[in-house]
Amino acid sequence: MNNPYEYKANSMKTSQLLLATTRETPAEAEIISHQLMIRAGMIRRLAGGLYTWLPLGLRVLRKVENIIRQEMDNAGAQEVLMPVVQPAELWEESGRWQQYGAELLRIEDRHQRAFCLGPTHEEVITDLIRKEIRSYKQLPANFYQVQTKFRDEIRPRFGVMRSREFIMKDAYSFHLDRASLEATYQVMYDTYHRIFERMGLNFRAVQADTGSIGGDGSHEFHVLADSGEDAIAFSTGSEFAANVELAEALAPSGTRPAPGLVMTEVATPKTHTIEEVCALLKIDAKQTVKTLLVQGADEAHPVVALVLRGDHEVNDIKVEKLPQIASPMTFASAEQIQQAAGCDAGSIGPVGLTIPLIVDRAAAHLADFVCGANKTGYHLTGVNWERDVAPGLVADIRNVVEGDPSPDGKGTIQIRRGIEVGHIFQLGDKYSKALNANVLNENSRAQILEMGCYGIGVTRVVAAAIEQNHDDTGIMWPDAIAPFQVCIVPMQMHKSPRVKQAAEQLYTELKAKGIEVLFDDRNERPGVMFNDMELIGIPHRIVIGERGLDEGTIEYKHRRDSESQNWAAEGFIEALMAKLV
RNA sequence: CGGGGCAUGGCUCAGCCUGGUAGAGCACCGUCAUGGGGUGGCGGGGGUCGAAGGUUCAAAUCCUUCUGUCCCGACCA
């Protein structure tokens with residue numbers, strides 16, 4: 001490889017390496033990746049949300065960066081490096097100096113000039129491009145960097161998974177028009193797939209909300225792991241994947257059943273929740289309706305009722321998009337509830353309400369359902385839309401649940417948890433317009449640039465990889481990002497010149513082949529060495545001992561194998577090379 | 001920002017209630033044994049008990065303030 005950016009780690013002996021493994025875990029480490037990163041001696045905490053990367057951890061980090069660099073370069077992006085410290089003026093120009101909250105760490109220099117620590121670099125790159133690119137002939141262009149970011153998180157946690165200082169690969173593309181942006185977006189989409197595939201991670205690209213950053217098209221890349229902070233909805237029958245908050249809940253198929261029961265008031269004393277009502281009346285939550293009162297958007301209707309099936313959850317993102325509802329979604333106060341429904345929160349129902357009703361599609365499809373009677377301690381059974389109460393506006397206002405039909409009509413929804421490691425956006429002209437970044441087009445007219453931005457949380461990828469690849473004894477690195485490919489564990493080397501000679505020779509030969517080897521030359525008992533090597537997750541383990549030397553064999557075990565194998569010493573290196581690919 | 005917990009050697013923690021000589025395990029150093037799964041013995045080094053103030057003859061221990069840190073909530077790549 002002649003790539004000047006190529007990161008090639010060296011082979012090492014453990015006696016030369018700060019192998020800072022520990023048996024115990026600090027109390028603050030809650031999730032497995034954080035615990036293992038500390039125990040394996042990859043990171044150490046300096047202060048809240050600030051971590052030092054030890055040699056072993058840094059090797060992994062560099063591997064991840066390296067894969068990203070190679071794939072970004074192959075995709076035609078150019079690497080740059082922008083400052084961490086950024087002048088306030090630029091942020092004032094984009095409007096984010098005011099928009100950003102306390103997460104933006106603001107500082108002053110000795111001349112009392114305002115600066116911030118960059119949580120992201122849209123302003124800086126856009127400033128650069130507006131100065132350097134003047135002609136449409138220079139477009140499209142895509143610039144990326146691997147740089148430290150700082151976000152003053154309210155509550156940093158989970159080690160490097162959510163730290164305040166972290167390393168991010170961020171890329172920004174510039175285009176004359178939308179079509180060009182979309183083409184590059186697609187290239188980045190494919191590039192991200194290659195990057196995470198090369199890292200050996202189980203991931204999904206999911207449709208995402210564009211959030212506060214604005215813009216149209218957006219995908220998040222999630223590494224699947226039970227400890228993930230985000231819930232993702234997948235289809236069992238297609239490639240569909242979306243954030244649970246975003247996935248559309250379709251209306252139930254078929255027509256609503258005809259009313260079969262008479263509406264009846266029943267006493268339900270001291271019941272406040274759907275579960276309590278269901279237990280008392282011996283019914284399924286799916287036959288009930290819950291009514292939530294929230295603040296309305298216009299003064300004529302300060303309170304609006306949301307009606308959902310009893311077993312469903314309201315989705316505030318969907319609700320906030322409705323023009324009738326105040327954003328952010330806010331529940332009505334107890335006084336407002338009394339005023340609008342004349343009862344406590346546990347007994348509200350749609351029947352007889354005079355405020356606007358917004359009914360979820362699933363709730364609107366019910367017949368003979370149970371709901372609150374707007375009379376504290378009473379519910380109604382056998383309620384039916386139209387006959388007993390007008391359904392008002394029917395809309396999608398709930399979270400999808402497992403088993404719902406997929407929004408694309410193929411298969412059903414399955415929900416898994418994921419860790420967001422990448423995010424790609426079609427930004428549009430939000431920043432280019434604010435900073436007046438334009439070029440002359442074919443007609444010699446100034447034209448505002450279209451932008452895309454593409455991030456990968458490099459440090460988070462390392463933690464996510466561990467969340468997905470570990471067992472009871474430690475980390476199980478995918479080969480591509482392991483700190484070392486191979487470890488050599490000699491048995492009683494400090495007593496046996498034969499073992500020492502054989503191990504040293506193998507080490508030298510593997511090194512010469514360009515393989516990253518960790519040679520455990522410590523005078524430790526075998527158990528200690530085995531445990532350490534498994535903890536730090538080296539994929540391929542070679543054990544050299546008197547036993548094998550007598551038999552002409554060398555022991556090999558992959559980190560994921562349950563049993564070791566004895567291979568012939570003759571041709572061992574070739575056999576190992578075949579394993580390494 | 002609201003609520004709660006914690007702060008004692010590098011790490012995990014006991015001691016605090018009921019004030020009176022600072023402890024254990026792990027880690028570290030030396031040494032002997034052991035040598036295919038965190039081995040055992042012996043001997044060591046290391047802590048102004050988060051900080052400041054107060055009460056007391058005497059404070060790790062009681063009181064006050066501050067700081068740090070963790071958890072829950074709101075918020076967020």
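So you know, we letter chains A, B, ... as the sequences are listed, proteins then strands, and number each from 1.
- If you take atom C1' in B:rU61 and the same atom in B:rU18, they sit 10 Å apart, rounded to whole Å.
- For the segment residues 542-560 of chain A, the set of residues with a heavy atom within less than 4.0 Å of an atom of RNA chain B comprises A:Val543, A:Gly545, A:Arg547, A:Glu555, in numerical order.
- Rounded to whole Å, the P atom of B:rA58 lies 15 Å from the corresponding atom of B:rG53.
- Across all strands shown, A:Glu153 has heavy atoms under 4.0 Å from base atoms, whether or not it also approaches the sugar-phosphate.
- Between B:rG23 and B:rG45, the distance separating the two P atoms is 12 Å to the nearest Å.
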Pairs under 3.5 angstrom, nitrogen or oxygen only, protein versus nucleotides 25-28 of chain B, please.
from: B:rG25; atom 1: N2; to: A:Glu24; atom 2: OE1; distance (Å): 3.1
from: B:rC26; atom 1: O3'; to: A:Arg23; atom 2: NH2; distance (Å): 3.4
from: B:rA27; atom 1: OP1; to: A:Arg23; atom 2: NH2; distance (Å): 2.8

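- Interface residues of residues 470-480 of chain A facing RNA chain B, ordered by number: none; criterion, heavy-atom separation under 4.0 Å.
- Mapping A:Asn531 and A:Arg45 onto RNA chain B via the closest heavy atom, the residue that lands nearer the 5' end is A:Asn531.
- With sequence neighbours excluded, the residues that form a ring pair (Phe, Tyr, Trp, His ring centres under 6.0 Å) with A:Phe221 are A:Tyr189, A:Tyr192, A:His193, A:Phe196.
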Nucleotides 2-5 of chain B: which of its N/O atoms have a protein N/O under 3.5 Å away?
none

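- A salt bridge links A:Arg96 with A:Glu123; the closest basic N to acidic carboxylate O contact falls under 4.0 Å.
- Remark: the separation of the C1' atoms in B:rC13 and B:rC29 is 23 Å, to the nearest Å.
- You'll find the ring centres of A:His540 and A:His558 inside the 6.0 Å limit.
- Nucleic acid contact class of A:Lys495 (heavy atoms, under 4.0 Å, all strands): base.
- With A:Phe530 as the aromatic partner, A:Arg541 meets the cation-pi criteria of under 6.0 angstrom to the ring centre and within 45 degrees of the ring axis.
- Residue contacts shown for A:Arg522 are absent, as no nucleic acid heavy atom lies under 4.0 Å away.
- Listed by chain and residue number, A:Asn243, A:Asn315, A:Ile317 satisfy the side chain to side chain contact (heavy atoms under 4.5 Å, CB included) test with A:Glu245 (two or more places apart in sequence, or in another chain).
- Stacking of A:Arg106 on the aromatic ring of A:Trp97 is recorded, both the 6.0 Å distance cut-off and the 45° axial limit being met.
- In this structure, A:Phe530 does not pack face-to-face on the six-membered ring of B:rG38, missing the 5.5 Å centre cutoff or the 30° plane limit.
- Heavy-atom distances to RNA chain B give each of A:Pro156 and A:Arg39 a nearest nucleotide, and the one nearer the 5′ end belongs to A:Arg39.
- Rounded to whole Å, atom P of B:rA77 lies 16 Å from atom CE of A:Met161.
- A:Asp170 comes within contact range of no nucleotide atom at all, as no heavy-atom separation falls under 4.0 Å.
- Both the sub-6.0 Å distance and the 45° axial angle are not jointly satisfied by A:Arg460 relative to the ring of A:Phe166.
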